[in-house]
J.: 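Please read through the structure below; I'll follow up with questions.
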Number of protein chains: 2
Amino acid sequence: MGDTASEDVSNTLRILVATDCHLGYMEKDEIRRNDSFRAFEEICSIAEQKQVDFLLLGGDLFHENKPSRTSLVKAIEIFRRYCLNDRPVQFQVVSDQTVNFANSFGHVNYEDPHFNVGLPVFSIHGNHDDPAGVDNLSAIDILSSCNLVNYFGKMALGGSGVGEIAIYPILIRKGSTSVALYGLGNIRDERLNRMFQTPHAVQWMRPEAHEGCQVSDWFNILVLHQNRLKANPKNAINEHFLPRFLDFIVWGHEHECLIDPQEVSGMGFHITQPGSSVATSLIEGESKPKHVLLLEIKGNQYRPTKIPLLSVRPFAYAEVILKDEQDIDPNDQDSVLQHLDKMVASLIEKSTKTAEGRPETQLPLVRIKVDYSGFTTINPQRFGQKYVGKVANPQDILIFSKSAKRDSKVKF
Amino acid sequence: MGDTASEDVSNTLRILVATDCHLGYMEKDEIRRNDSFRAFEEICSIAEQKQVDFLLLGGDLFHENKPSRTSLVKAIEIFRRYCLNDRPVQFQVVSDQTVNFANSFGHVNYEDPHFNVGLPVFSIHGNHDDPAGVDNLSAIDILSSCNLVNYFGKMALGGSGVGEIAIYPILIRKGSTSVALYGLGNIRDERLNRMFQTPHAVQWMRPEAHEGCQVSDWFNILVLHQNRLKANPKNAINEHFLPRFLDFIVWGHEHECLIDPQEVSGMGFHITQPGSSVATSLIEGESKPKHVLLLEIKGNQYRPTKIPLLSVRPFAYAEVILKDEQDIDPNDQDSVLQHLDKMVASLIEKSTKTAEGRPETQLPLVRIKVDYSGFTTINPQRFGQKYVGKVANPQDILIFSKSAKRDSKVKF
Ligand SMILES: [Mn+2]
Ligand SMILES: [Mn+2]
Ligand SMILES: [Mn+2]
Ligand SMILES: [Mn+2]
């Protein structure tokens, strides 16, 4: 085979990877209500510009497992605008689609003859949009019933004992490239932990060898949505539990953007942690620039390209330990306020610089974590009043802690 | 023009009319949870069999204005199965579609190039699925955003005073037949009453005359969802408030099936009241057989054909005034129980006969309204225990009232 440019294109599967879009987050906040939708729309427009084969989402697409009418309508509108078009889909799903997509239609959305799907989306659920109720439905099932999303990775957890799951990959072919896409929607970490430690409780189904295609020819991707690193290992998934045949892992749920694929020593796979597209907690990890990943796979090779999200509201974060600051007098609250005001000013300035050249000007999020050991706290609402109209979150710029060492426990 | 059969077909607009489907009604009841969906699916299958041009719904499509995930998914699945197909749509919407359909796409659903709509559905909202919240969205907006329903008749009610509304018809042409379809989604009766009594508060927009088409050539239909007849006239809409240019009115909200069009004296129009497709209150009106209406319009003529719904759960209703019954002794509760048991048996038998020849056997709904003047009441739950597995509503077969004259007040 010659290695011409056009062969390259027809044999390269191009995936845009994003996660934790949290549609509907802060939908009642007058300033921030549209943030999640704006970022998601940017993700879709990147998928369009880059002409990817599909968009892959790692869970927490919706912030609530019962999204409001507004969130559903806005989400459906975005999917409809970006996913339905005349672009031909240039890959095939060759696995048993009724197994991959456990809805009442049982096929990948672009094969439905009554819809023009040009940008397929594949998504697992997270802990925010987890399936629940008598019918075990997720908010993503609503999008799946509309034929706008290919929802996969939903497991029927047996009742008694640890339970057993079998993970059947979506088998994707584009030219000479074969990708097995494994999805594992969020399961409570403790439970999944126990399952991983119980022999045969988690079965990874491998594609069968065919003529001209060996099992090792498949490039194996896993998308999951779990805690990754935690003080308490019972409450997180150890990367070493995952099988070594995997090549690439998309780790959802962790909101910090650590998108450059990291190798896991001794395991033979790399992990990307795209992070959320909207900051749902004002912690340091979320203040880092947000990205999505363009993943191009040809044969057993892949090329990751990170793409910054430019529509995300700027967020500047700082920490201060009051007793370490020389210009502060513990007996003079004004000196504390002056110091904090200076910090806010510099954070606003920093965020303005970050946002330079962006199409839209947005009020920044500003957060200062204040270690007030030896001091009294300040009322954060009162402190924020003068920043109304200057920052997006005047009511909670300041957060007080006693020990600078402790991280607050947050549910992503 | 000759009047051949094929010309007849190409000039006749055929509409299936139904209302108050209350999707999701009793969704937590193990026996009745699927009733609303079964009936709605039957309505859709009638639309398919009769090859109508479209399905017209008169509000309360959903029972809740925040439908559960299950209700949304089930509803979307039914719409998707029946509305998306390759049948050509044989009428045109010639009015300004951005005015008729106030969503962000602004066109009738079958004109969207990315969907194969073969059975268009037009629906107003009722009081159960009324628009609410900051964005004034109805549950029907979710179906509209999926392009499965053409939601019309949503009015922006001004803030101060009575308010003003302008009702723009959907102008529909099929061959030589022209239909102006006016929609008025539910507005609080008291408010709409005041509007009707305020000059110019309600503006009925008429189609403009064109060459070859006079204003009087349009056949004018109104769909509304309001109380029709009530003891308190402030709390219902007087038919005489409606303009005389109307030809035909579809009255939603009233659950009793009075589907044969009735002429309103002096007004020149007829009213059909299709009634609900699922009984949401066990009153006499709801025990009558449920129907939908096939409305065929050619020029200024129409032909109504009522079609029974055969999937509706049988419901038998009776009333008894204990003191008028000779086999009952007020001092002997057993004689009361025996009498009521006999009545239940006969209602079950009656419902069995009603359901003869139907494809599916269903437990019937049974209701006896008991005037117990001069007697003590019986615990309805205890009374119903022996009917578990025999009727669908063992817990509330009996309802007690003191005055046989009074009707209970129910919100449809
Ligand atoms: Mn999560
Ligand atoms: Mn998350
Ligand atoms: Mn109603
Ligand atoms: Mn109703």
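Throughout, a chain's letter reflects where its sequence line sits, starting with A, and its residues are numbered from 1.
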J.: So which of B/S138, B/G133, B/P113 has the largest heavy-atom pair count under 4.5 angstrom toward chain A?
T.: B/S138

J.: Ignoring hydrogens and geometry, is there a side-chain-to-backbone donor-acceptor pair from A/R69 to B/A132 under 3.5 Å?
T.: yes

J.: Please classify the contact between A/D112 and chain B as side chain, backbone, both or neither, with a heavy-atom cut-off of under 4.5 Å.
T.: side chain

J.: Assess whether atom CZ of B/F91 is packed by more than 12 heavy atoms of other residues, nucleotides or ligands within 6.0 Å.
T.: yes

J.: Less than 4.5 Å to any heavy atom of chain B: does that hold for the side chain of A/S68, its backbone, both, or neither?
T.: neither

J.: If I take atom CG from residue B/N147 and atom CD1 from residue A/I76, how far apart are they, to the nearest 0.5 angstrom?
T.: 11.0 Å

J.: Can you tell me how far CZ of A/F105 sits from CD of B/E77, rounded to the nearest 0.5 angstrom?
T.: 5.5 Å

J.: Between A/P67 and chain B, which part of the residue has a heavy atom less than 4.5 Å away: side chain, backbone, both or neither?
T.: neither

J.: Can you confirm whether more than 12 heavy atoms, excluding those of B/F115, are under 6.0 Å from its CZ atom?
T.: yes

J.: Is B/R80 close to chain A through its backbone or its side chain, or both, or neither, when contacts mean heavy atoms under 4.5 Å?
T.: side chain

J.: So which atom in B/N85 and which in A/H114 form the shortest heavy-atom distance, rounded to 0.1 Å?
T.: CA-CE1, 3.5 Å

J.: For the interface with chain B, which of A/D135, A/N116, A/L148, A/D86 has the highest count of heavy-atom pairs at distances below 4.5 Å?
T.: A/N116

J.: Can you measure from CD1 (B/I142) to CD1 (A/I142) and round to the nearest 0.5 angstrom?
T.: 7.0 Å

J.: Nearest 0.5 Å, what's the CG-OG1 distance between A/D141 and B/T70?
T.: 9.0 Å

